[in-house]
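The structure appears right after this line, and notes come after that.
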Amino acid sequence: MKKKFKPYKKKDFSSGKPQQDAVRAKKHLGQHFLKDEEVAQRIGDTLTLNNYENVLEIGPGTGVLTKYILQKGKKVKVMDLDRESIYYLQNSFALEHPEVPVKDFEILEADFLKADLSTLFKGEPFAITGNFPYNISTQIVFKAIENRDLVPEFTGMFQKEVAKRICEKEGSKTYGILSVFTQAYFEAEYLFTVPPTVFNPPPKVESGVLRLIRKEDYSLPVEEKLFFKVVKTAFNQRRKTLRNSLKTFQLSDSLKEDSIFGQRPEQLSVTQFLELTQKIAEDAVSDK
Ligand SMILES: C[S@@+](CC[C@H](N)C(=O)[O-])C[C@H]1O[C@@H](n2cnc3c(N)ncnc32)[C@H](O)[C@@H]1O
């Protein structure tokens, strides 16, 4: 069912307010507007834009980051579900920033989590970027992973802890499900940290900017469903050895002798998780 919006009261944005103050920040939408142009430009510059023509920005708000993305001369679509931000972008953004090229620019009022990405750029690949709403940040990453065939690049800002977790390697306490799933398909790089002071209103935590580049060969050598199940089950009991946490897979005694099962999930690289999945798949077949 389509959500009902309260009748929208038009606002006059011609008062010359700073861009980040043009819209009232709403907590439930995770709105923290960037007020530092240098940081906005640095985030815009994280896009490599290699070999594709389209960019989707999630949550443009008042468009502080959008300006720098548009200057790259690609086709840009922005998607926000905040009507007030959309109204500002449609009516004041171009007037207040005549220097920004808006020829290939489309403003969409939509929820990224519900949007159909397959038709967004007529099925062409596109980069995703943004200063993401932190309340749905992991869901955004999972949706990008699900749509990886269309998304060769993903850059942007998260809560620092989440950005670090996505890029973390084995051996770290924060390495987990999100790190393994993301890095199975993407090369992940943590780029820089951003302090709360550059936002209006400032969030309670630091932020972190990352870049994900899809691997050249991003097809998995194992069945994806089983891989996800193995990784999730292992990390659900991250203190236990795999021999104990993966009991539900009813592994044969000979497989359980394999040294990999003496390890804990945080010790396994993505490649080792794939090898483990392969072994479990073969074990299930040989059991029959
Ligand atoms: C952290 S603010 C960033 C705003 C702006 N890009 C900036 O840097 O100032 C996050 C933005 O995401 C938008 N947003 C929240 N949930 C969303 C969703 N499900 N789909 C699309 N946009 C969303 C918010 O309305 C807000 O504009």
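The shown structure was predicted, so the numbers you read here are calculated from the model rather than taken from an experiment. Both counts, for ligands and for their atoms, begin at 1 and track the order of listing.
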*asked:* Within the 4.0 Å heavy-atom shell around G30, which atoms of ligand 1 are there?
replied: 1 (C), 2 (S), 10 (C)
*asked:* Within the supplied structure, the quantity of interest is the number of heavy atoms (other residues, nucleotides, ligands) at a distance under 6.0 Å from R243 CZ; does it exceed 12?
replied: yes
*Mind running salt bridge (Lys or Arg N to Asp or Glu O under 4.0 Å) on E161 and R165 for me, showing each step along the way?*
CA-CA 6 Å; E161 183 222 314; R165 193 144 39 95; 3.5 Å; yes
*asked:* As an exercise, identify every atom of ligand 1 less than 4.0 angstrom from a heavy atom of H32.
replied: 1 (C), 2 (S), 3 (C)
*Does the H32 side chain pair with the main chain of N200, one donor and one acceptor, at a distance under 3.5 Å?*
no
*So which bit of D80 gets within less than 4.0 Å of ligand 1, heavy atoms only: side chain, backbone, both or neither?*
both
*asked:* Could you check whether atom CD of E38 has more than 12 heavy atoms from other residues, nucleotides or ligands sitting under 6.0 Å from it?
replied: no
*Go through the steps to decide whether R83 and E109 satisfy the test salt bridge (Lys or Arg N to Asp or Glu O under 4.0 Å), and finish with yes or no.*
CA-CA 7 Å; R83 215 163 244 197; E109 182 179 341; 2.9 Å; yes
*Taking the six-membered ring for Trp and the full ring for Phe, Tyr or His, determine whether the centres of F181 and F228 are under 6.0 Å apart.*
yes
*Take atom CG in N50; do more than 12 heavy atoms of anything else shown fall under 6.0 Å from it?*
yes
*Just heavy atoms, cut-off under 4.0 Å: does T62 contact ligand 1 by side chain, backbone, both, or neither?*
neither
_K232 NZ: over 12 foreign heavy atoms closer than 6.0 Å_ = no
_L120 backbone acceptor or donor facing K77 side chain under 3.5 Å_ = yes
*Please confirm whether F112 comes within less than 3.5 Å of ligand 1 when only nitrogen or oxygen atoms on both sides are compared.*
yes
*Looking at ligand 1, does any of its N/O atoms fall within less than 3.5 Å of an N/O of N131?*
yes
*Provide the number and element of each atom of ligand 1 under 4.0 Å from a heavy atom of D111.*
18 (C), 19 (N), 20 (N)
*Heavy atom of A110 under 4.0 Å from ligand 1?*
yes
_P133 N/O to ligand 1 N/O under 3.5 Å_ = no
_Any nitrogen or oxygen of G59, side chain or backbone, less than 3.5 Å from one on ligand 1?_
yes
*Below 4.0 angstrom from a heavy atom of M79, which ligand 1 atoms are there? Numbered from 1 as shown, please.*
21 (C), 22 (N)
*With heavy atoms only and a cut-off of under 4.0 Å, state how E57 meets ligand 1: side chain, backbone, both or neither.*
side chain
*Examine P60 against ligand 1 and note whether any of their N/O atoms are separated by less than 3.5 Å.*
yes
*Side chain of K256, backbone of N244: donor and acceptor closer than 3.5 Å?*
no
_Within one Ile-Leu-Val-Met-Phe-Trp-Tyr cluster: I177 and I136, side-chain cutoff 4.5 Å_ = yes
*For D82, take its heavy atoms, then give the atoms of ligand 1 lying under 4.0 Å from any of them.*
25 (O)
*Sub-3.5 Å N/O-N/O distance, S85 and ligand 1*: no
*Counting from 1, what ligand 1 atoms have a heavy atom of V64 closer than 4.0 Å?*
7 (C), 8 (O), 9 (O)
*Is there a heavy atom of L81 sitting under 4.0 angstrom from any atom of ligand 1?*
yes
